[in-house]
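Some notes on the structure that comes next.
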2 protein chains.
Amino acid sequence: MSTDSTRTAILNAAERLYAERGFGDVTLRDIVAEAGVNLAAVNYHFGSKDELIAELFVSRSLATNRERLNELKAAESAGGGRAPIDAVLRALVGPTLRGCLGPDKQRSDAARFMIRASIEAVAPIRKIKNREIDHLRRFAAAMRRSLPGLPDVEIYWGLHFALAMAHQTIRDSERLERLSDGKCDLDDVDGMIERIVAVSVLALGGNAATDAGDTKPAARRGR
Amino acid sequence: MSTDSTRTAILNAAERLYAERGFGDVTLRDIVAEAGVNLAAVNYHFGSKDELIAELFVSRSLATNRERLNELKAAESAGGGRAPIDAVLRALVGPTLRGCLGPDKQRSDAARFMIRASIEAVAPIRKIKNREIDHLRRFAAAMRRSLPGLPDVEIYWGLHFALAMAHQTIRDSERLERLSDGKCDLDDVDGMIERIVAVSVLALGGNAATDAGDTKPAARRGR
DNA sequence: GATAGTTTCATACAAGCGTTTGAATTGCAA
DNA sequence: TTGCAATTCAAACGCTTGTATGAAACTATC
């Protein structure tokens, strides 16, 4: 217990700082100061800075992926193995968006860290990142089940656009807020998710897809 | 002249390396090696590394913005002051996408550099970046002229989503290519632009907007 | 062709980085 | 308690970074 309190203090501090400032500006000395531990503790517990980052990334991406797949499975089993497309997309972008922009501070750091990691592509992460492709393939497969007639290439573009909108919204929420003079409500996470899901459904060929009582046009107020 | 041949050699080398590897991994020594000049030349001609980056960013963003506004103006004056919404969006995302993924090497470096700059947000750039908001406001205004009835908040979300798709496509084109096993053709830049424009138009409330000769639907549904 | 002003060059510098070290401290079993 | 392993700590290491320096090489005007 007290054994790895130092370990987890380092992990949390690193995650918080990386999430906030990115990988470029955060040194080991910043991390240990934030964690309130000695400088050498990082190398003692993790071996090197790169291994710290890698461990952080692996554990967090496993958590995010698990959350996504849980939502997906729930939706698919509710629909007898075939979820409506909007539910699939919601399972894809929901966990990340709720994590980044929701109220939970701990999850917020984790989600923001993942966004940073997906963008800045620092060396130790680049090598592990290939696994994400496999994870996304499972969503591509689920989308294919939801939209049986749709050519594969459209599935991939739709998936790509959905992630693009979700990530950019997190990454540059500040710009959107300033650009819109606060008119775009970034605290309404659920509304935002629905907005992104709705646009993605349209991108995939519109409302013809599912039963989906109310896939309304994207350009409606949130929710 | 021979006077600023060193200057421009440094600028080009820096742009190329930053575009390729990001800001974190490129040192002044890398840049001067690529440019074939002496290490001290950077400080002699630019004063500091930060000022080099800032000058690069300012000059390139002016060029990109000019290109966008030219396209916008051409479209608006062709329509008597009011361009169809797809033309406005095309002027917004076209220059960057053509720059990044097109065949022109020089422009490619410039556009990729701008994407990096918009993501990694290194210190010297962060301060200047506010101007981009003003530039985007001009596009928001043009979109408002194209879609007079639409609430402002929808305009901003549409603008945001359009940029999100364009940027993510550039940034992570490799992932999309691998995910789709090469089925998504990333060499067809014009097709890609039309795809993003079409989805953005849908996001803004559907096809009701323009004549829009042959904006083929983003996704051809099976039926 | 001598001179003054630019520009280039090799080299050095201080600061910050990740990492290592070896001694001090702690926790726990016998 | 004593003994031993695990952990923490202050200090230093070697290396790379951006920057500064002063001499050398160039360019152009007279």
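Lettering of chains follows the sequences in order, A, B, ..., and the numbering in each one begins at 1.
Rounded to whole angstrom, the span from the OH atom of B:Y44 across to the P atom of C:dG5 amounts to 13 Å. Straight-line distance from the CD atom of A:E51 to the P atom of C:dG18: 14 Å, rounded to whole Å. Separating the CD1 atom of A:I53 from the C1' atom of C:dC17 is a distance of 13 Å, rounded to the nearest angstrom. In this structure, CG of A:L52 is placed 16 Å from P of C:dC17, rounded to the nearest angstrom. Following rounding to the nearest Å, A:D25 (CG) and D:dT17 (C1') show an atom-to-atom distance of 15 Å. With rounding to whole Å, B:I31 atom CD1 is found 11 Å from D:dT17 atom P. Residue B:R7 contributes atom CZ, which lies 15 Å from atom C1' of C:dT6 at whole-angstrom precision. As a whole-Å value, the separation of A:N43 CG from C:dG22 P is 15 Å.
For the OP1/OP2 pair of C:dT8 and a distance below 4.0 Å, the side-chain nitrogens and oxygens of B:H45 include at least one atom meeting the criterion. When the side-chain nitrogen and oxygen atoms of A:T6 are compared with OP1 and OP2 of D:dT7, none of them lie within a distance under 4.0 Å. One finds no side-chain N or O of B:N38 lying less than 4.0 angstrom from the OP1 or OP2 phosphate oxygen of C:dT7.
B:R90 has a carboxylate O that lies under 4.0 Å from a charged side-chain N of B:E194, or vice versa, which qualifies the two as a salt bridge.
Residue A:K49 has its side chain nearest to C:dG18 when only C:dC9, D:dT8, C:dG18 are considered. Which of D:dT8, C:dT7, C:dT11 sits closest to the side chain of B:L39 comes down to C:dT11. In the set D:dT17, C:dT19, C:dG18, the nucleotide with an atom closest to the side chain of A:T27 is C:dG18.
Each of A:V26 and B:V37 lies near DNA chain C, and the nucleotide nearest B:V37 is the one positioned closer to the 5' end.
A donor-acceptor pair is defined here as one N or O able to donate and one able to accept, closer than 3.5 Å; no such pair exists between the side chain of B:D181 and the backbone of B:K183.
Applying the 3.5 Å distance criterion, the base of C:dG16 shares no donor-acceptor pair with the side chain of A:R29.
Put simply, CG on B:L92 and CD1 on B:I193 are 11.0 Å apart, with the number rounded to the nearest 0.5 Å. Atoms CZ and CG, from A:R16 and A:D30 in turn, are 11.0 Å apart once rounded to the nearest 0.5 Å.
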Please report the C-alpha distance between A:L163 and B:R175 in whole Å, then the side-chain angles of each, then the deciding distance to 0.1 Å, and finally whether the side-chain contact (heavy atoms from CB on, under 4.5 Å) criterion is met. CA-CA 12 Å; A:L163 287 175; B:R175 185 180 75 183; 3.4 Å; yes
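Residue contacts shown for B:A40 include a base, since a base heavy atom lies under 4.0 Å away.
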